[in-house]
Amino acid sequence: MQSVVPLFALAVGLAAQAGDHVIVAVHGNPVATSLFDVDLASGSVQAIGRFGLDGFPPLAITVDQVNRDVVVALQTPASTSVLVRLRLAGATVVQSASLGDVPGTASALTQALDGRFVTTTDAGVYTTERNGSVARRVATLAQVSAIETFGLATTQAVVAQSGSTTTDPQVRWIDLVSGRTIAGPWVYAGYTPRGITGVADLPTGAARQVLSHDDGTIAISVNFALPVPLPLVPVLPPGATAAMHVRGLEGIVLGGSAHPFLKSFQALGGTQWTMLAGPLPGDPVDFAFRPTSVAATVSFGGSCNRMLLAQATAGGDPRLGNSSYGLQLTFAAPSSLAVLALGASDQRFVGVRLPLALPGGCLALAGGDLVVPTTTSGLGDATITLGIPSSAALVGAIAYAQWLQPAAGGLDSSNAGAIWIDM
């Protein structure tokens, strides 16, 4: 066990985010793209400041589950979709960076595959590395209009294909690594409405998918059978269900200019809409849940070989005043040198954009402002304790860590961890 390391010196302070907030992308108020933070509990709406590429119209939005940055897809004049990462401090955009273009017009944006961004267009499904890359098309599918993934570590997704006036809509499960169809497609022959604006898999014993449509309705499919509309009142106009995301059995829905409100419904047995916030200005396009700032160690990126980083089992969460919090290493070379790289950034390492190729081909995923050496046990394990003081200024702060170990031909690397410090 190593001595306590002053982690607080590396943590980057970010505004702590209360629970039950979403961020909404709106077209046309007062520029092509405006962002708003919405408290779903109180209905309060706060405008977010401008950013460099907000003259391009919005297409889709998500929130990076590693560092809580906002990522928005914007329509470019070249008929591509550019992904832009935005770092917020309160209602101000303090940093923005382009992550690269995706061919075509984005219909949805989410995150999977150890943190990569997943974008859908009318030509298929694309992935982009967390800190930017050339978009890679992983599945060639026509008119993908909606997608749901299942957390940072997932390699699967449920996708909906819809929008053609002559082709029946359909749903299928795909592998995000190979692009192959795992199950389906389930074609809804003769089904109307044609356009599916959102799809989600419900956490129930039987397979149940909830679908939002461009005509303002919601439907449920059981075991991938023909969807049955929910009898929700009041009846909403076309365009009132432009985007949908589900948390548990509750669906949250955003309407466009025809009904610019955030509202919710119960997926099982729901009979009415509950209005949450609005009207929003302009033409709302998409929204994303903002993760609550909690004390946690969020794993991201992949292990190069077998080495794994995790929160030390006995040390507890990274809470203020927890002197026992630590990070453990498993599956490393036994009785050998290993180092824990700690940094204030998951974006840059000494000015170079991450991920950074290490000697031997593995990747550095975290800034190495501080490198702490240790020796692994005979089983290839190690633990380093990190000190977290009782400073209110650290609430919401994040530091980043990754294990490295000398190996034949270079350095081996583990997955990385974002250390979310909270009360």
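Residue numbers run from 1 in the order of the sequence given. Remember, predicted model here, so these are calculated numbers, not experimental data.
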Short N-O contact, Asp20 and Arg290, less than 4.0 angstrom:
no

With side chains defined as the heavy atoms from C-beta onward, is the minimum distance between [X] and [Y] less than 4.5 Å?
| X | Y | value |
| --- | --- | --- |
| Ile220 | Val228 | no |
| Ile419 | Leu386 | yes |
| Pro58 | His27 | yes |
| Ser221 | Val171 | no |
| Asn305 | Cys362 | yes |
| Phe56 | Val72 | no |
| Thr155 | Leu113 | yes |
| Asp412 | Cys304 | yes |

Of all residues at least two apart in sequence or in a different chain, which pass the side-chain hydrogen bond (donor to acceptor under 3.5 Å, both in side chains) check with [X]?
| X | answer |
| --- | --- |
| Asp114 | none |
| Asn415 | Ser299 |
| Thr119 | none |
| Thr166 | Ser164 |

Sidechain-backbone polar pair: [X] side chain, [Y] backbone, donor-acceptor under 3.5 Å:
| X | Y | answer |
| --- | --- | --- |
| Thr149 | Gly151 | no |
| Thr121 | Ala123 | yes |
| Asp286 | Ile61 | yes |
| Arg68 | Gly396 | yes |
| Thr154 | Ala112 | no |
| Ser345 | Gly367 | no |
| Gln111 | Thr62 | no |
| Asp175 | Val177 | yes |
| Asn322 | Arg319 | no |
| Gln95 | Val93 | no |

[X] and [Y]: which non-hydrogen atoms are nearest, and at how many Å?
| X | Y | answer |
| --- | --- | --- |
| Ala401 | Leu327 | CB-CD1, 3.4 Å |
| Gln328 | Ala312 | OE1-CA, 3.5 Å |
| Leu308 | Ser303 | CD2-CB, 4.2 Å |

Can you name the ring-ring contact (aromatic ring centres under 6.0 Å, His included) partners of [X], sequence neighbours left out?
| X | result |
| --- | --- |
| Phe265 | Trp273 |
| Phe261 | His259 |
| Phe331 | none |

Got a list of side-chain donor-acceptor pairs under 3.5 Å for residues 235-246, not counting sequence neighbours?
from: Thr241; atom 1: OG1; to: His213; atom 2: O; distance (Å): 2.4
from: Thr241; atom 1: OG1; to: Gly216; atom 2: N; distance (Å): 3.4
from: His245; atom 1: NE2; to: Phe287; atom 2: O; distance (Å): 3.0

Nearest 0.5 Å, please: how far is [atom2] in [Y] from [atom1] in [X]?
| X | Y | atom1 | atom2 | answer |
| --- | --- | --- | --- | --- |
| Leu230 | Ser212 | CG | OG | 11.5 Å |
| Ser414 | Arg306 | OG | CZ | 13.0 Å |
| Gln161 | Arg172 | CD | CZ | 4.5 Å |
| Glu250 | Thr274 | CD | OG1 | 8.0 Å |
| Ile252 | Leu276 | CD1 | CG | 5.5 Å |
| Leu59 | Leu109 | CG | CG | 10.0 Å |

[X] side chain to [Y] side chain, donor-acceptor N/O pair below 3.5 angstrom:
| X | Y | value |
| --- | --- | --- |
| Gln143 | Asp122 | no |
| Thr120 | Ser107 | yes |
| Asn131 | Gln347 | yes |

Kindly determine whether Phe289 and Val63 satisfy side chain to side chain contact (heavy atoms under 4.5 Å, CB included), including the steps that lead there.
CA-CA 7 Å; Phe289 294 115; Val63 173; over 6 Å; no

Show me, pair by pair, the donor-acceptor contacts under 3.5 angstrom made by side chains of residues 41-49, not counting sequence neighbours?
from: Ser42; atom 1: OG; to: Asp39; atom 2: OD2; distance (Å): 3.4
from: Ser42; atom 1: OG; to: Ser44; atom 2: N; distance (Å): 3.2
from: Ser42; atom 1: OG; to: Ser44; atom 2: OG; distance (Å): 3.1

Paired with Phe300, the side-chain contact (heavy atoms from CB on, under 4.5 Å) test is passed by just one of Asp64, Asn67, Asp346, namely Asp346

Donor-acceptor contacts, no H, no angles, side chain residues 75-84, under 3.5 Å, sequence neighbours left out:
from: Gln75; atom 1: OE1; to: Thr105; atom 2: OG1; distance (Å): 3.0
from: Gln75; atom 1: NE2; to: Thr80; atom 2: O; distance (Å): 3.0
from: Thr76; atom 1: OG1; to: Ala78; atom 2: N; distance (Å): 3.2
from: Thr76; atom 1: OG1; to: Thr80; atom 2: N; distance (Å): 3.2
from: Thr76; atom 1: OG1; to: Thr80; atom 2: O; distance (Å): 3.2
from: Thr76; atom 1: OG1; to: Thr80; atom 2: OG1; distance (Å): 2.7
from: Thr80; atom 1: OG1; to: Asp101; atom 2: OD2; distance (Å): 3.2
from: Ser81; atom 1: OG; to: Gly104; atom 2: O; distance (Å): 2.7
from: Ser81; atom 1: OG; to: Ala106; atom 2: N; distance (Å): 2.8

For Gln311, enumerate each residue passing the side chain to side chain contact (heavy atoms under 4.5 Å, CB included) test, keeping only those at least two apart in sequence or located in another chain.
Thr297, Asp317, Pro318, Tyr325

Going by the rule side chain to side chain contact (heavy atoms under 4.5 Å, CB included), which residues pair with Leu226 if we only count those two or more places apart in sequence or in a different chain?
Tyr188, Tyr191

Counting only heavy atoms not in Met275, do more than 12 sit closer than 6.0 Å to its CE atom?
yes

